[in-house]
Q: 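Pasting in a structure now, in structure tokens, and then I'll have a few things to ask.
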Amino acid sequence: MDRRTLLIGSAALIAGLPRPTAAQPRPRRAVVGRLSPISKPADEKMMAALRDGLREFGWVDGHNLDFVFAYAHGQIERLGDAAAALLRHKLDILVVGSTPGALAAKRATSSVPIVFVTTGDPVAGGLVDSMARPSGNLTGIAALGQGLNGKRLQLFKEMLPRAKCVLVLGNRASRYTHEFYKEHRALESLLGLALVPIMVESLEQIGGALARPDASGADAVLILPDVLFLSNPARIVAQTNERRLATICPDPEFVRHGGLMFYGAGLPRMYHHAATFVHRILKGAQPGDLPVEQPTQFELLVNAKTAAAFGITLPPSFLIRADEVIE
């Protein structure tokens, strides 16, 4: 058999084999941007809750979905640049926290769907046209914190009936802070509490603000929900406790760091529910057609160790209603 025969035979053998087919392309993973107004460590519980919620719908990070992250580290002025950086990726959806975060995302894109989680009023804050018909590319879940702050003060008064004065710590740059101060007079007469505004623009100003003469003699401090404060619960509680000011908290993490009490939906629970919006949008729903929702479950947390340190006797009825008592 000559060389030519070998070549022909080899060619015939190869021709008889199944032709190789091109590798099938893997299905494209959904890409979800996460714009967080706080830091990565502070955001971990929210992201864990969001991932858990998505997993219930079959969306698994690293399998059929990828996250891309950007953090503002409590600095609202960084949100615009962070949103722009995220949008350089081919995002299918953008999940944002806080009203400032949602506004920054809204300014950055009118095409990428945005799901927000906020404690502010999304209509008054300029995020959507209405709760029932958001229109545009935004929808989400909002706790409407103004009413919750009133409930927190009411619960505090029940816990400490002799209380006469509560400081209200807010971010001077926040629209939400000014809206609360406009409405606080009605709460004063309703609850029999003097509410003293304490406005700051940075964490470094908190100590001096709490030491002001008009802050002396206060029984507690109500911390308004704000990116500036939610990023640093341990640092803020340390300052309020040092001045023997019971802390009425905007998030459960404050109570776990020694704050006195929290009442509300809790951000992790809200992020778990936000997965519903992400799933529906990834399946083709338009955000403008999905009504903004409000939390339906609320929890009461109290730090019994802090209460004892402040000489506060917790009423049995209060403890019975508490979802968690930290000893």
Side-chain angles (χ1 to χ4, degrees), residues 119 145-172 174 176-177 180-181 183-200 203 205-226 228-230 232-264 266 298-315 317-319 321-327:
T119 57
Q146 299 289 28
L148 287 173
N149 281 317
K151 181 64 174 178
R152 288 167 189 153
L153 287 168
Q154 181 182 345
L155 287 166
F156 174 71
K157 185 69 172 181
E158 179 182 333
M159 183 192 302
L160 192 64
R162 60 175 175 78
K164 297 297 182 185
C165 179
V166 172
L167 308 180
V168 182
L169 180 63
N171 183 349
R172 187 186 303 276
S174 169
Y176 179 91
T177 298
F180 176 85
Y181 289 148
E183 300 174 3
H184 86 279
R185 295 296 179 195
L187 288 172
E188 285 185 311
S189 58
L190 179 66
L191 300 174
L193 285 171
L195 301 179
V196 179
I198 300 291
M199 291 199 199
V200 300
L203 293 177
Q205 294 178 357
I206 292 177
L210 295 176
R212 283 172 16 190
D214 60 346
S216 63
D219 301 288
V221 55
L222 170 69
I223 301 175
L224 297 181
D226 189 87
L228 180 64
F229 307 137
L230 293 172
N232 298 275
R235 179 175 176 180
I236 294 171
V237 169
Q239 293 188 75
T240 56
N241 283 359
E242 181 183 356
R243 289 166 176 80
R244 295 195 60 78
L245 285 166
T247 308
I248 306 168
C249 307
D251 186 77
E253 283 304 299
F254 287 76
V255 180
R256 298 190 173 98
H257 285 289
L260 178 62
M261 61 156 284
F262 163 79
Y263 174 79
F298 300 91
E299 56 186 355
L300 173 62
L301 277 70
V302 61
N303 192 313
K305 183 177 179 180
T306 299
F310 282 35
I312 299 173
T313 301
L314 297 173
S317 60
F318 194 93
L319 292 172
R321 279 181 292 160
D323 297 276
E324 183 177 351
V325 179
I326 298 172
E327 304 287 350

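We're numbering straight along the sequence, starting at 1. Computed from a predicted structure; not experimentally measured.
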Q: Enter the distance from Leu203:CG to Arg235:CZ here, rounded to the nearest 0.5 Å.
A: 4.5 Å
Q: Distance check, rounded to the nearest 0.5 Å: Leu222 atom CG versus Met261 atom CE?
A: 9.0 Å
Q: In Å and rounded to the nearest 0.5 Å, what is the CG to CD1 distance from Leu160 to Ile312?
A: 5.0 Å
Q: Quick one, Asn149 and Pro250 - any side-chain contact, counting heavy atoms below 4.5 Å?
A: no
Q: What's the spacing between Arg243 CZ and Ser216 OG if we round to 0.5 Å?
A: 12.5 Å
Q: Compare every heavy atom of Gly192 with every heavy atom of Lys157, then report the nearest pair and how far apart it is.
A: NZ-O, 3.7 Å
Q: Are side-chain heavy atoms of Asp251 and Phe229 found at a separation under 4.5 Å?
A: no
Q: Do Thr247 and Thr306 come close enough that some side-chain heavy atom pair is under 4.5 Å?
A: no
Q: Between Lys305 (side chain only) and Gly258 (backbone N and O only), is there a donor and an acceptor less than 3.5 Å apart?
A: no
Q: Applying side-chain contact (heavy atoms from CB on, under 4.5 Å), run through Asp219 and Arg162 and close with a yes or a no.
A: CA-CA 9 Å; Asp219 301 288; Arg162 60 175 175 78; 4.0 Å; yes
Q: Leu193 vs Leu187, test: side-chain contact (heavy atoms from CB on, under 4.5 Å). Steps then yes/no.
A: CA-CA 8 Å; Leu193 285 171; Leu187 288 172; over 6 Å; no
Q: Do the non-hydrogen side-chain atoms of Leu148 and Phe298 ever get within less than 4.5 Å of each other?
A: yes
Q: Within a strict 4.5 Å, meaning less than it, do heavy atoms of the Leu210 and Leu245 side chains meet?
A: yes
Q: Look up atom CZ in Arg152 and atom CD1 in Ile248, then write down how far apart they are to the nearest 0.5 Å.
A: 9.5 Å
Q: Measuring from Ile326:CD1 to Leu260:CG, what's the distance to the nearest 0.5 Å?
A: 10.5 Å
Q: Begin from the C-alpha positions of Leu155 and Phe318 and carry the test side-chain contact (heavy atoms from CB on, under 4.5 Å) through to its verdict.
A: CA-CA 8 Å; Leu155 287 166; Phe318 194 93; 4.1 Å; yes
Q: So do Thr240 and Phe254 actually touch side chain to side chain, heavy atoms under 4.5 Å?
A: no
Q: Report yes if some heavy atom in the side chain of Phe262 is under 4.5 Å from a heavy atom in the side chain of Glu299; otherwise report no.
A: yes
Q: Which pair of heavy atoms, one from Phe310 and one from Arg244, lies closest together, and at what distance?
A: CA-NH2, 3.4 Å
Q: Quick one, Met159 and Val302 - any side-chain contact, counting heavy atoms below 4.5 Å?
A: yes
Q: Could you report the tightest heavy-atom contact between Asp214 and Leu167, atom names first, then the distance?
A: O-CD2, 4.5 Å
Q: Closest heavy-atom contact between Gln239 and Gly207?
A: OE1-N, 3.2 Å
Q: Please test Arg256 against Leu301 for side-chain contact (heavy atoms from CB on, under 4.5 Å), starting from the C-alpha separation and ending with a verdict.
A: CA-CA 9 Å; Arg256 298 190 173 98; Leu301 277 70; 3.8 Å; yes
Q: Looking only at heavy atoms, which two atoms of Cys165 and Gly217 are closest? And how far apart?
A: CB-O, 4.4 Å
Q: Can you name the residues that form a side-chain hydrogen bond (donor to acceptor under 3.5 Å, both in side chains) with Asn171, not counting sequence neighbours?
A: Asp226
Q: Of all heavy-atom pairs between Cys249 and Val255, which one has the smallest distance, and what is that distance?
A: SG-CG2, 4.0 Å
Q: Any donor and acceptor pair, going by atom type alone, linking the side chain of Gln205 with main-chain N or O of Val200 inside 3.5 Å?
A: no
